[in-house]
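Okay, structure first, notes after.
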Amino acid sequence: MNLLLVIYIVSAVLVLAALVIARKQIARGLLHGIPSVYRIAGMTFAETRRRRILQVIILLAALMLVGMLGITWLNPGESAKALVSGGLDLVFLLGILVSIFICAFLIPSDIDKRTIYSVLSKPVHRWEFVVGKYFGALAVVGLLVGIMLLVQMIVLVATQKHPIGLVFQAGLVAYFGIAVFTAAVMVVSTIASSLTTVIAGFTLWLVGSIQAMSHSVIAHIEGGFSKTVLGVVSAIIPHLDKYDFRVEAAEQLAIPLVLVQRGLVYGIGYVAVCLIIASLLFRERQV
Amino acid sequence: MDIAISIQELTKVYRSPWGGKGLKALDSLSLDIRRGETIAIIGPNGSGKTTTLKILLGLIFPTSGGASILGTSISTSMAREKVGYLPEEPYFYDCFNAEELLDYYGRLFGLSRSVRLKRMEELLTLVGLAERRRTPLREYSKGMRQRAGLAQALVNDPEILILDEPTSGLDPEGAYQMRRLIRELRERGKTILLCSHFLAQVEDLCDRVAILDQGRLKACGSLKELIGESRRIQVVAAGGKDDIIPELRRLAKSVEEREGKIVAETDEEDNLMQIIDLLRARQGRLLEVLRPRPSLEQLFIQVVSEAGE
Ligand SMILES: Nc1ncnc2c1ncn2[C@@H]1O[C@H](COP(=O)(O)OP(=O)(O)OP(=O)(O)O)[C@@H](O)[C@H]1O
Ligand SMILES: [Mg+2]
């Protein structure tokens with residue numbers, strides 16, 4: 001049987017069981033938790049947005065897109081396709097990069113600088129803090145991805161008369177993929193230092209990319225220990241290839257809805273599991 | 001008696017991630033803090049004061065034992081609903097200014113916008129930051145951060161205040177203001193738990209004092225209980241005719257000459273007037289009359305050095 005499927009089913013059952021067992025606490029918790037998560041997320045967003053490094057990255061991203069425009073200007077012909085696929089590449093790459101750095105600086109540096117004392121000493125649950133930080137990070141990454149997409153679409157319309165509906169869709173799905181990736185990095189950041197988080201983030205991304213490229217190879221490995229290991233690794237790392245529709249956007253092909261749906265279901269499950277694990281780990285963390 | 005904070009058999013061992021014996025920062029500390037009292041925990045550096053406060057606030061967890069705040073166990077975050085905390089050397093998100101900081105922290109308590117605005121005005125004036133309210137916190141001096149820290153600790157109008165070295169880093173004026181503020185809060189009926197190394201300030205402010213050394217409670221009680229009330233009266237005088245000293249010796253318990261001054265000591269108030277009359281008769285000049293008592297500092301040194309032996 002497919003190991004991956006087993007792991008997914010087991011984690012789904014675990015999540016459901018946790019929901020059922022703790023339903024009363026969950027109901028009570030959500031009543032307090034949702035506003036609280038929202039407040040933490042808002043604070044995180046406001047705080048991260050003002051970090052100078054983020055403003056620099058946004059500026060760089062805009063400059064790089066404009067630079068790309070220059071390059072395609074010089075090579076007419078395939079330029080629209082190159083611009084779409086290259087631009088989405090850039091959006092995704094920078095999104096991942098920013099998400100790694102934001103995660104590395106949210107909880108670890110909060111603990112390092114002891115800014116966390118004045119937050120956790122308020123009536124805030126540990127899980128609310130973690131989930132709030134996650135959504136705050138997503139909001140920042142979303143802002144960044146949004147700006148980059150906008151720049152890209154403006155460039156496309158202005159110079160190529162290229163239809164941008166598909167670019168927007170592909171960008172949206174890519175953002176969802178980044179959100180899934182961010183959840184995984186968040187788990188590491190609840191127990192690790194900034195540096196470890198950055199290293200783990202890049203490792204996760206690298207392994208994910210290799211895994212996506214070697215899909216067919218793995219499928220052909222016959223049984224045995226290595227297959228189990230690969231299966232476990234594959235279950236743990238976020239499958240970012242599910243959110244890659246660059247080709248469709250560049251070639252003007254419709255993005256298959258069923259694939260998007262699959263990606264959504266997988267992503268929501270993956271994020272839920274990550275946030276539960278992150279909250280459980282952080283609950284034990286002494287700050 | 002109404003108990004605000006109850007600490008039972010609290011033990012904390014800091015373990016290093018590589019194993020080893022660990023460091024016992026708190027050793028079965030038990031302490032009840034009454035509602036409305038001001039109590040100070042004093043002790044040498046590293047005696048476990050901050051550790052105690054951090055456990056109460058759920059920032060770290062006890063190795064064994066427990067505590068409750070207003071009857072709610074500290075293991076749930078609801079115990080902190082009515083608590084304000086000023087951390088040791090507070091540090092805040094430094095891109096915010098004082099207004100934003102108070103606003104965000106007010107939100108964490110679920111305060112409505114109008115309440116938040118009202119509190120913000122009150123608190124900024126109270127701690128003297130009203131004029132620097134729009135300055136980002138990263139441009140604040142240490143003392144200003146301390147003030148902002150106090151303001152955020154008061155944002156929920158807490159019943160219990162936990163202050164870790166409230167006057168460290170403040171200038172004399174600021175320290176005076178802080179003391180005045182603490183006294184004012186105490187008069188409003190707040191329960192205040194503070195740590196401090198400024199013993200004069202502790203003597204001046206607190207109803208009770210707990211002395212901690214190497215994680216163990218060495219003494220706890222009111223100043224009266226700990227130091228006792230002194231019956232000693234000292235009369236300091238100068239000048240006078242030659243036989244003044246032998247005459248004084250008859251009245252006072254002890255008479256000494258220091259730096260050209262005469263210091264006479266007695267235990268009985270009746271004697272005081274006689275001594276003064278004598279001074280006048282012998283044309284001595286009365287300089288001052290004092291009631292010396294052993295200070296908290298002396299007690300502190302004594303308790304801590306006993307432990308060291
Ligand atoms: N995070 C930690 N990890 C390991 N040991 C710690 C940690 N925090 C404190 N300690 C140790 O616990 C002991 C008590 O520290 P604590 O900070 O409670 O002292 P304190 O009484 O507040 O001292 P000070 O007057 O210097 O503020 C010290 O020996 C300290 O080294
Ligand atoms: Mg301390």
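Every heavy atom of this structure was used, including side-chain atoms; hydrogens, water molecules and symmetry mates were not. Just so we're on the same page: letters track the sequence lines, and every chain starts at 1.
For the pair R107(B) (side chain) and R39(A) (backbone), a donor-acceptor distance under 3.5 Å is absent.
Taking CZ from F61(B) and CD from E284(A), the interatomic distance works out to 6.5 Å, rounded to the nearest 0.5 Å. Note that the OH atom of Y91(B) and the NZ atom of K113(A) stand 5.0 Å from one another [nearest 0.5 Å].
In terms of heavy-atom proximity, F92(B) sits nearest to T115(A) at C-CG2, 3.5 Å. Across R114(A) and E88(B), no two heavy atoms sit closer than the pair NH1-O, 4.2 Å. Closest heavy-atom contact between I60(B) and V287(A): CG2-O, 3.7 Å. Across all non-hydrogen atoms, the minimal contact from L120(A) to R80(B) is O-NE, 3.4 Å. The two residues S121(A) and L59(B) come nearest to each other via the heavy atoms N-CD2, 4.3 Å.
Atom CD of E131(B) has 12 or fewer heavy atoms from other residues, nucleotides or ligands within 6.0 Å. Environment of NZ in K190(B): crowded, with over 12 heavy atoms of neighbouring residues, nucleotides or ligands closer than 6.0 Å. By the 6.0 Å contact criterion, OH on Y140(B) is enclosed, its count of non-hydrogen atoms from other residues, nucleotides or ligands being greater than 12. Annotation for R133(B): atom CZ counts as buried by contact number, over 12 foreign heavy atoms lying within 6.0 Å.
In this structure, chain B has a heavy atom under 4.5 Å from the side chain of R50(A), while its backbone stays farther away. Interface residue R283(A): only backbone heavy atoms are found under 4.5 Å from chain B. Only the side chain of K54(B) comes within contact range of chain A, with at least one heavy atom under 4.5 Å from a heavy atom of that chain. Looking at R126(A), the atoms closer than 4.5 Å to chain B (heavy atoms on both sides) all sit in the side chain, from C-beta outward. Only the side chain of Y85(B) comes within contact range of chain A, judged by heavy atoms closer than 4.5 Å.
Residues satisfying the salt bridge (Lys or Arg N to Asp or Glu O under 4.0 Å) test with K118(B), not counting sequence neighbours, are E122(B). Here Y117(A) pairs with nothing under the ring-ring contact (aromatic ring centres under 6.0 Å, His included) rule; sequence neighbours left out.
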Q: May I have the step-by-step check of side-chain contact (heavy atoms from CB on, under 4.5 Å) for K122(A) and Q152(B), ending in yes or no?
A: CA-CA 10 Å; K122(A) 310 274 184 284; Q152(B) 65 82 35; 2.7 Å; yes
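For the options Y93(B), Y104(B), F96(B), heavy-atom pairs under 4.5 Å to chain A are most numerous at Y93(B). Note on S36(A), P123(A), A46(A), G42(A): by heavy-atom pairs under 4.5 Å with chain B, the leading option is P123(A).
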